[in-house]
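Structure first, then comments.
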Amino acid sequence: MNKIDMHIHTNASDGIFSPTEIVDWSVRLGLKGIAITDHDTIDGIEEALIASKKYSEFLIIPGIELNTIYNNEEIHLLGYFIQHTNNDIIQTTKAIKNHRLKRAHDMIKKLNAMHFNITFSEVQRIAKNGAIGRPHIARILVHKGYTTSVEEAFQKFLQKGRPAYVERFKLTIEEGIEMISKAKGVPVLAHPGLMDQSIDIRTLIHKGIKGIEVYHIKHSDLQQQEFLQYAKENHLFITGGSDYHDHIVKGVPSIGRVTVPYHSIIEMKRRFSKKE
Ligand code: AMP
Ligand code: ZN
Ligand code: FE
Ligand code: FE
């Protein structure tokens, strides 16, 4: 196989596997490479790079997924081939992580006020040093029997408009693009099929986005065709990935359910680094 899954979360954010486990599984599943794209953090990248050295020719693309805001709507922005040692990105992601800590405290307070017995140290125990997100809190609600699934925890309590929801700190789309560009990365629009459909992709692209996540586990075939055509017409990089977090089938994590060809990603790297 010559395939790369360009959208993977590790336990540096809200995935359940460590970067090393993700790399080992990806190799076993026959992938040629993966992009580590944790929410708002670059903390998983170094470990993934080290783990990949055991294998000949397994490619790790250092990446990030930023939740940004544009016109009051949430836009997810992927950054690929970032220099994770860049000081700006280190400082900004650190600040965002601290905001996430505070937000977790606030969400727990709300849940406590609703008489759910859940503590910050429980959340921290499963999030470890990772960037804390709602999925961590959801998993505890399931573990304690307050809800039967993570999905139900979101629907009842954690999603926007629900009683334990707390707004997350977000960069503007312009700040996100700037941060990725400063770290020499390629800014790519994540899963446009999931963003508010009133948003015009063209206005986002004009801000400096270089690619589109055409293929995503939650995109329909029709959406993929549309995005593919748009990307081709506008000479944008075409990426895709499974947005892997925690799905497991018969003991095997479902990494690589969505992939793109290795050569197209190498081309992306080559073309982009030429322009720098
Ligand atoms: P946070 O970063 O804390 O805002 O949490 C966002 C993450 O929660 C997303 O990346 C998804 O992994 C997960 N998520 C969001 N909405 C849902 C939902 N309805 N059901 C399950 N997981 C969700
Ligand atoms: Zn997530
Ligand atoms: Fe996303
Ligand atoms: Fe994601």
Side-chain angles (χ1 to χ4, degrees), residues 5-17 19 22 34-45 61 63-69 73-80 93 96-108 110-111 118 120 123-124 126-127 130-142 146-171 176 180 187-196 212-219 239-248 253-258:
D5 186 334
M6 292 292 283
H7 195 150
I8 306 263
H9 295 272
T10 75
N11 66 3
S13 65
D14 56 1
I16 58 166
F17 290 105
I22 288 285
I34 51 170
I36 301 290
T37 54
D38 279 308
H39 298 284
D40 301 337
T41 182
I42 49 174
D43 291 352
I45 294 172
I61 295 138
I64 192 163
E65 182 177 23
L66 299 172
N67 304 282
T68 71
I69 201 89
E73 297 292 344
E74 187 161 325
I75 310 279
H76 290 195
L77 189 64
L78 291 157
Y80 291 123
T93 50
I96 299 175
K97 201 167 166 179
N98 287 336
H99 278 281
R100 280 183 171 275
L101 271 178
K102 186 182 172 304
R103 171 179 177 245
H105 276 291
D106 293 345
M107 286 192 284
I108 290 162
K110 288 190 166 199
L111 287 165
I118 157 170
F120 182 75
V123 178
Q124 205 155 35
I126 60 162
I132 299 183
R134 287 175 288 164
H136 298 115
I137 294 175
R139 284 173 206 151
I140 291 179
L141 290 173
V142 175
Y146 292 130
T147 61
T148 55
S149 68
V150 164
E151 186 62 39
E152 188 191 346
F154 270 87
Q155 280 166 10
K156 284 193 172 157
F157 309 114
L158 299 172
Q159 71 191 25
K160 199 166 185 162
R162 292 295 167 194
Y165 178 78
V166 177
E167 193 71 40
R168 185 176 355 90
F169 169 82
K170 290 173 193 127
L171 300 169
I180 290 166
V188 169
L189 180 63
H191 45 65
L194 303 186
M195 70 184 188
D196 192 275
I212 294 190
E213 189 176 46
V214 170
Y215 305 102
H216 184 274
I217 197 87
K218 290 188 177 162
H219 283 172
T239 79
S242 66
D243 209 347
Y244 186 73
H245 282 85
D246 53 9
H247 197 256
I248 298 172
S254 322
I255 301 165
R257 280 193 292 178
V258 179

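Fair warning: this is a prediction, and the values are worked out from it, not measured in the lab. Atoms within a ligand are numbered from 1 in the order they appear, just like the ligands themselves.
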>> Please give me the minimum heavy-atom distance between Arg134 and Phe154, naming the atom from each residue.
In response: CB-CZ, 3.6 Å
> What's the shortest heavy-atom distance between Ala131 and Arg100, and which atoms?
Replying inline: CB-CD, 3.8 Å
> Taking the inter-plane angle between the rings of His39 and His76 on a 0 to 90° scale, is it parallel (under 30°), tilted (30 to 60°) or perpendicular (over 60°)?
Replying inline: perpendicular
>> Would you say His9 and Glu65 are linked by a side-chain donor-acceptor pair, where the criterion is simply a distance under 3.5 Å?
In response: yes
> When only distance counts, is His245 in polar contact with ligand 1, meaning an N/O pair under 3.5 Å?
Replying inline: yes
>> Show me which atoms of ligand 1 lie under 4.0 Å from any heavy atom of His39.
In response: 10 (O)
>> When you compare the side chain of Leu189 with that of Met195, does any pair of heavy atoms fall below 4.5 Å?
In response: yes
> In the protein, what heavy atom is nearest to atom 13 (C) of ligand 1, and what distance, to one decimal place, separates them?
Replying inline: Phe154 CZ, 3.6 Å
> Quick check: does His9 have an N/O/S atom under 2.8 Å of the Zn ion (ligand 2)?
Replying inline: no
>> Under a 4.0 angstrom heavy-atom cut-off, which atoms of ligand 1 come close to Gly133?
In response: 3 (O)
> So, Arg168 and Asp40, do they make that salt bridge, N to O below 4.0 Å?
Replying inline: no
>> To check you understand the geometry: which heavy-atom pair defines the closest contact between Thr147 and Ala153, and what is its length?
In response: OG1-CB, 3.7 Å
> Taking only heavy atoms of Arg103, which atoms of ligand 1 are found under 4.0 Å from at least one of them?
Replying inline: 1 (P), 3 (O), 4 (O)
> Where does Gln159 meet ligand 1, judged by heavy-atom distances below 4.0 Å: at the side chain, the backbone, both, or neither?
Replying inline: side chain
> Are side-chain N/O atoms of Asp14 and His136 paired as donor and acceptor at under 3.5 Å?
Replying inline: no
> Of the backbone and side-chain N, O or S atoms of Asp14, does one lie nearer to the Zn ion (ligand 2) than 2.8 Å?
Replying inline: yes
> Should you measure from each heavy atom of Pro135, which atoms of ligand 1 turn up under 4.0 Å away?
Replying inline: 5 (O), 7 (C), 8 (O), 13 (C)
> Using 4.0 Å as the upper bound for N to carboxylate O, is an ion pair formed by Lys218 and Asp243?
Replying inline: no
> Near Asp14, which atoms of ligand 1 are under 4.0 Å from a heavy atom of that residue?
Replying inline: 7 (C), 10 (O), 12 (O)
> When rounded to the nearest 0.5 angstrom, what distance separates CD1 in Ile180 from CG in Leu78?
Replying inline: 7.5 Å
> List-wise, which protein N, O or S atoms are found short of 2.8 Å from the Fe ion (ligand 4)?
Replying inline: His7 NE2, His9 NE2, Glu65 OE1, Asp243 OD1
> Which residue and non-hydrogen atom of the protein lie closest to atom 19 (N) of ligand 1, and at what distance in Å?
Replying inline: Glu151 OE2, 3.4 Å
> Looking at Val123, Ile140, Val166, which hits side chain to side chain contact (heavy atoms under 4.5 Å, CB included) with Ile108?
Replying inline: Val123
> atom 2 (O) of ligand 1: which of Arg100, Arg134, His76 has the nearest heavy atom?
Replying inline: Arg100
> Is it true that Asp106 and Lys110 make a salt bridge, defined as a side-chain N closer than 4.0 Å to a carboxylate O?
Replying inline: no
